[in-house]
**Student:** 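Sending over a structure as structure tokens; questions will come in a sec.
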Amino acid sequence: MRLILLGAPGAGKGTQAEILSRELGIPTISTGNILRAAIREGTAVGLKAKALIDAGKLVDDETIMGIVSERLAKDDCARGYILDGVPRTIPQAEAMEAMGIEIDAALSIEIADETIVERMSGRRTCKNCSQTFHVVYNPPKQDGVCDFCGGELTIRRDDAPETVKARLETYHRETEPLKAFYQARGKLVCVDNQPSIEETTAVIRSALGI
Ligand code: AMP
């Protein structure tokens with residue numbers, strides 16, 4: 001299964017990607033997580049990306065395509081992959097096609113902007129492994145501590161309300177047109193966000209027939 005996850009920031013792409021990854025035994029490639037790791041490590045890519053991410057803007061397509069091609073070349077992608085947060089623009093999708101990156105489906109998780117703003121305020125992210133939690137909908141077993149690696153849970157800087165607004169604007173302008181792009185290729189599958197993580201996973205499984 002080679003899957004692209006589309007949807008606004010906070011739609012639950014990362015959460016669903018992790019669940020599907022575990023179930024299908026294929027890796028999730030999150031350009032956001034790779035960029036945040038680059039920032040932590042202080043690499044050249046990280047330095048370039050930091051200000052853009054903090055402002056809710058997109059990182060340039062060339063940098064992103066470099067990250068994607070390097071990651072997809074690794075052995076663990078041979079049986080399939082889930083792309084979370086990439087492509088984010090039509091030029092990225094076109095570049096992926098030109099590179100011969102094949103996909104079986106582009107799954108869009110549909111959710112209202114108001115729900116996102118409310119949801120992002122409760123999101124907590126592990127500083128160490130990037131796993132996400134939600135104080136109400138998906139709480140960690142112990143406050144402030146990651147269930148998976150014991151790392152410290154923090155609020156992502158770009159989850160601040162003003163930045164969330166900027167990221168939503170960026171999403172509608174730059175990323176939403178990808179739905180028509182994949183629809184034209186017969187690959188688009190849309191599901192509505194559900195009240196719980198489990199229910200959303202269930203509608204995704206049924207929409208993808210897995
Ligand atoms: P995410 O974790 O997917 O919400 O990504 C966080 C931030 O990283 C985004 O707001 C962008 O600034 C940047 N980013 C992640 N993926 C991409 C991409 N495919 N293209 C451009 N910027 C990206």
Side-chain angles (χ1 to χ4, degrees), residues 2-18 20-21 27-41 43-72 81-99 101 103 106-109 111 113 115-117 119-134 153-179 181-182 193:
R2 295 155 303 179
L3 189 64
I4 287 173
L5 289 185
L6 296 174
K13 297 187 297 295
T15 304
Q16 296 300 333
E18 291 307 330
L20 294 175
S21 263
T28 288
I29 294 151
S30 157
T31 40
N33 283 350
I34 293 172
L35 290 168
R36 281 185 287 278
I39 293 173
R40 276 198 304 275
E41 288 156 18
T43 67
V45 166
L47 289 174
K48 191 158 75 174
K50 187 174 186 321
L52 293 165
I53 292 183
D54 284 349
K57 294 183 182 155
L58 293 182
V59 173
D60 66 281
D61 293 336
E62 206 186 318
T63 302
I64 297 294
M65 293 328 298
I67 291 174
V68 169
S69 61
E70 197 178 304
R71 182 62 188 87
L72 286 182
Y81 41 80
I82 299 171
L83 295 173
D84 165 15
V86 68
R88 210 75 157 224
T89 63
I90 298 271
Q92 287 179 18
E94 287 171 345
M96 282 173 47
E97 274 190 351
M99 285 158 67
I101 298 171
I103 62 143
L107 178 88
S108 174
I109 304 177
I111 179 168
D113 284 7
T115 315
I116 286 176
V117 174
R119 197 188 258 195
M120 299 290 254
S121 62
R123 177 150 87 169
R124 300 291 180 268
T125 305
C126 176
K127 245 181 165 171
N128 183 43
C129 75
S130 301
Q131 184 73 39
T132 54
F133 297 86
H134 189 281
L153 300 184
T154 54
I155 300 177
R156 256 170 63 176
R157 278 170 71 100
D158 62 341
D159 281 349
E162 321 76 65
T163 316
V164 168
K165 212 168 144 258
R167 290 167 69 198
L168 280 171
E169 278 165 20
T170 304
Y171 168 75
H172 290 301
R173 194 179 57 244
E174 307 271 358
T175 309
E176 210 165 19
L178 286 174
K179 290 202 305 194
F181 181 94
Y182 287 112
N193 169 67

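Order of appearance sets the numbers: ligands from 1, and atoms from 1 within every ligand. Note that this is a predicted model, so its numbers are computed, not measured.
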**Student:** Distance to 0.1 Å, residue and atom name: give those for the protein heavy atom nearest to atom 4 (O) of ligand 1.
**Tutor:** Arg167 NH2, 3.0 Å
**Student:** More than 12 heavy atoms of other residues, nucleotides or ligands under 6.0 Å from CZ of Arg157: yes or no?
**Tutor:** no
**Student:** Who gets closest to atom 3 (O) of ligand 1 by heavy atom: Arg156, Lys13, Arg88?
**Tutor:** Arg88
**Student:** Can Arg124 and Ile155 be said to form a side-chain contact (heavy atoms from CB on, under 4.5 Å), step by step?
**Tutor:** CA-CA 5 Å; Arg124 300 291 180 268; Ile155 300 177; 3.5 Å; yes
**Student:** Quick check on contacts: which atoms of ligand 1 are under 4.0 angstrom from a heavy atom of Val86?
**Tutor:** 19 (N)
**Student:** So is Arg36 touching ligand 1 or not, going by heavy atoms under 4.0 Å?
**Tutor:** yes
**Student:** Using the rule side chain to side chain contact (heavy atoms under 4.5 Å, CB included), only one of Ile39, Ile34, Val59, Thr63 pairs with Val45; which is it?
**Tutor:** Thr63
**Student:** Which of the numbered atoms in ligand 1 are under 4.0 angstrom from any heavy atom belonging to Gln92?
**Tutor:** 18 (C), 19 (N), 20 (N), 21 (C)
**Student:** Just one of Glu94, Gln92, Arg88 clears the side chain to side chain contact (heavy atoms under 4.5 Å, CB included) bar with Ile90, so which one?
**Tutor:** Glu94
**Student:** May I ask you to identify the nearest protein heavy atom to atom 21 (C) of ligand 1, giving residue, atom name and distance to one decimal place in Å?
**Tutor:** Val59 O, 3.2 Å
**Student:** Among protein heavy atoms, which lies nearest atom 23 (C) of ligand 1, and at what distance?
**Tutor:** Ile64 CD1, 3.9 Å
**Student:** Counting non-hydrogen protein atoms only, what is the nearest one to atom 12 (O) of ligand 1? Give residue, atom name and distance.
**Tutor:** Lys57 O, 2.5 Å
**Student:** What residue and atom, counting heavy atoms only, is the protein's closest point to atom 14 (N) of ligand 1, and at what distance?
**Tutor:** Leu35 CD1, 3.6 Å
**Student:** Distance to 0.1 Å, residue and atom name: give those for the protein heavy atom nearest to atom 16 (N) of ligand 1.
**Tutor:** Thr31 OG1, 2.8 Å
**Student:** Between Thr170 (side chain only) and Gly56 (backbone N and O only), is there a donor and an acceptor less than 3.5 Å apart?
**Tutor:** yes
**Student:** Do Asp159 and Arg167 sit within salt-bridge range, that is, some charged N less than 4.0 Å from a carboxylate O?
**Tutor:** yes
**Student:** Given the rule in the side-chain hydrogen bond (donor to acceptor under 3.5 Å, both in side chains) test, do Thr115 and Asn193 qualify, once you have shown the distances and angles that lead to the verdict?
**Tutor:** CA-CA 10 Å; Thr115 315; Asn193 169 67; 5.9 Å; no
